[in-house]
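Working notes for the structure below.
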Amino acid sequence: MQRRTLACSFSAAVSRRRARRRSPAALLGAALAVLAAPSAESAESAPPPRDDRASLEEGDGRPPLVGTELFSAGVDLEIAGRTLSYTDLLSENLRTYEALGVPMPSVRGELYPLARSALPVLRDLGVALSYARAVGLDSEGAGGASVSTSWSRLHAGLRGRFRPAGQAGPVLFATGGLCWIDFDVEPTGDPSRDAASVSYVTLRLGADGRFPVGPVALEAGAGYQAPLSMGALASHFREPSAGGVDLRLALAVPFAPGLEARAGASYTRFFYDFDSEPEDAFIAGGALDQLFGVHLGVAYHGY
């Protein structure tokens, strides 16, 4: 009987020692379980990762970036000029033409209809439109008389954008479309003056870019214009051919959400080649038609 009592006491003591040994492990396991439970809940409730464009659209405290907008619109006041000269001019019935300091208000806009979609290419494909018209322009006619003159410019085309260095880097653009440039001098009956009239319809292919520099941005672009029609000037010569190039530079300075002030310059050059013969009424080897201007304006980007 005494042996059974000692055996039971010994077994109880061993059980108590084993329980004490297991207690730290059990406590540690319970603590880990408590810590792991919130982590799992957080992982389940965490939102899926978003791309930069999505976060910009939904608003996360960062300002929207140019190159992701749905549309943009701008107005400018351009001070424009034009010079027309001839090369290898052998006839005396043609004269050069010059118009400087011409006020030319303009409007422009771009629209990217799928900018808010997740389609990686189509969301950056849009349309561009611009129009400018000179005001208060007159030419000098015979005897110094004033001759009514009009000058307008229209461009419409497709425009694609690409950000090679991400949302905050430069934005590159490719453009293809049609340009109409109409410079019409009221007929005077004097071919030497009437030849200054042109009516260009061109197919334009161009590339340009916007490059952030601190709080401002620089813009630069160039294009080639293939004339589909040229107007009165070309009609005075035998077998005329022509081509055109254009350049532009601009500085954009943001001053309010979505708004920026702009200043820049543009230059367009049309070069002609004529196959004149000695018996022709007008004899010249070619012509150079240059259109240029500087502008100030404001633009708005909508997101």
Side-chain angles (χ1 to χ4, degrees), residues 71-84 97 99-113 125-139 148-161 173-187 196-208 219-235 240 242-250 262-272 287 289-302:
F71 70 92
S72 66
V75 293
D76 295 284
L77 176 59
E78 181 178 349
I79 304 300
R82 180 196 181 205
T83 63
L84 173 64
Y97 182 89
L100 301 175
V102 181
M104 199 167 188
S106 66
V107 295
R108 53 192 166 76
E110 296 178 16
L111 174 65
Y112 297 86
L125 183 63
V127 293
L129 181 69
S130 66
Y131 177 75
R133 186 175 181 86
V135 294
L137 175 60
D138 289 317
S139 299
S148 177
T149 305
S150 64
W151 183 7
S152 61
R153 182 179 66 233
L154 173 66
H155 172 260
L158 296 177
R159 187 164 171 85
R161 61 191 180 191
F173 300 89
T175 305
L178 293 176
C179 286
W180 293 264
I181 301 175
D182 186 74
F183 196 102
D184 183 49
V185 179
E186 184 179 345
S197 294
V198 294
S199 183
Y200 297 116
V201 179
T202 68
L203 175 63
R204 182 184 184 274
L205 299 176
D208 55 294
E219 296 183 357
Y224 177 77
Q225 300 193 38
L228 305 177
S229 69
M230 295 171 280
L233 174 60
S235 67
V245 294
D246 60 73
L247 302 170
R248 74 174 189 91
L249 291 172
R262 299 172 56 83
S266 62
Y267 174 75
T268 301
R269 178 188 184 104
F270 288 99
F271 40 89
Y272 288 82
D289 194 3
Q290 302 178 93
L291 307 102
F292 44 86
V294 295
H295 66 266
L296 291 172
V298 63
Y300 176 75
H301 301 271

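Since we're looking at a predicted model, the values are computed, not measured.
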- [ ] Report yes if some heavy atom in the side chain of V135 is under 4.5 Å from a heavy atom in the side chain of P105; otherwise report no.
- [x] yes
Open item on the list: Please find the pair of heavy atoms, one from P103 and one from I79, that lie closest to each other, and give the distance.
Closed with: CA-CD1, 4.2 Å
Open item on the list: Measuring from atom CG of L129 to atom CG of L111, what distance do you get when rounded to the nearest 0.5 angstrom?
Closed with: 11.0 Å
Task: Cationic tip of R161 above F173 ring, under 6.0 Å, 45° of axis - done: no
Task: Side chain proximity check, V75 to V298, heavy atoms < 4.5 angstrom - done: yes
Task: 4.5 Å side-chain heavy-atom contact, M104 and H295 - done: no
Task: Side-chain heavy-atom pair Y131, R108 within 4.5 angstrom cut-off - done: no
- [ ] Over all heavy atoms of both residues, which pair between R159 and A128 is shortest? Give the atoms and the distance, please.
- [x] CD-CB, 4.0 Å
Open item on the list: Testing the basics here: between M230 and P240, what is the closest heavy-atom pair and its distance to 0.1 Å?
Closed with: CE-O, 4.2 Å
Task: Point-to-point distance, once rounded to the nearest 0.5 Å, from SG of C179 to CG of L154 - done: 8.0 Å
TODO: Calculate, to the nearest 0.5 Å, the distance between atoms CG and CZ belonging to L233 and F270 respectively.
DONE: 11.5 Å
Open item on the list: Looking only at side-chain N and O atoms, does S72 offer a donor or acceptor that is under 3.5 Å from a partner on Y112?
Closed with: no
Open item on the list: Measuring from atom CG of L100 to atom OG1 of T83, what distance do you get when rounded to the nearest 0.5 angstrom?
Closed with: 8.0 Å
TODO: May I ask you to decide whether D246 forms a salt bridge with R204, counting only side-chain N to carboxylate O separations under 4.0 Å?
DONE: yes
TODO: Of all the heavy-atom pairs spanning A99 and L137, show the shortest one and how long it is.
DONE: CB-CD1, 4.4 Å
TODO: Enter the distance from S150:OG to E186:CD here, rounded to the nearest 0.5 Å.
DONE: 10.0 Å
Open item on the list: Less than 4.5 Å apart, side chain to side chain, heavy atoms only: is that true for S199 and F183?
Closed with: no
- [ ] Please step through side-chain contact (heavy atoms from CB on, under 4.5 Å) for the pair L296 and L77, ending with a clear verdict.
- [x] CA-CA 6 Å; L296 291 172; L77 176 59; 5.7 Å; no
Task: Check against side-chain contact (heavy atoms from CB on, under 4.5 Å), F71 and E110 - done: CA-CA 5 Å; F71 70 92; E110 296 178 16; over 6 Å; no
Task: Where G81 and W151 come nearest, the two heavy atoms and their spacing - done: O-CH2, 3.4 Å
Open item on the list: Rounded at 0.5 Å granularity, tell me how far CD in Q225 sits from OG1 in T268.
Closed with: 5.5 Å
- [ ] List the steps, then state whether side-chain contact (heavy atoms from CB on, under 4.5 Å) holds for T202 with L178.
- [x] CA-CA 6 Å; T202 68; L178 293 176; over 6 Å; no
Task: Any side-chain heavy-atom pair of S266 and E78 under 4.5 Å - done: yes
Open item on the list: Looking at every non-hydrogen atom in both residues, tell me the closest pair between G297 and D76 and how far apart they are.
Closed with: CA-OD1, 3.3 Å
Task: Donor-acceptor pair between Y200 and D289 side chains, under 3.5 angstrom - done: yes
Open item on the list: One thing to verify: whether R133 and D182 come together as a salt bridge, which I'm taking to mean a side-chain N less than 4.0 angstrom from a carboxylate O.
Closed with: no
Task: Verdict with reasoning, V127 to L158, per side-chain contact (heavy atoms from CB on, under 4.5 Å) - done: CA-CA 5 Å; V127 293; L158 296 177; 3.9 Å; yes
Task: Charged tip of R82 within 45° of F292 ring normal and under 6.0 Å - done: no
Open item on the list: Counting C-beta onward and ignoring hydrogens, is there a side-chain heavy-atom pair between T175 and H155 closer than 4.5 Å?
Closed with: yes
Open item on the list: Quick check: do D208 and R248 have side-chain heavy atoms less than 4.5 Å from each other?
Closed with: yes
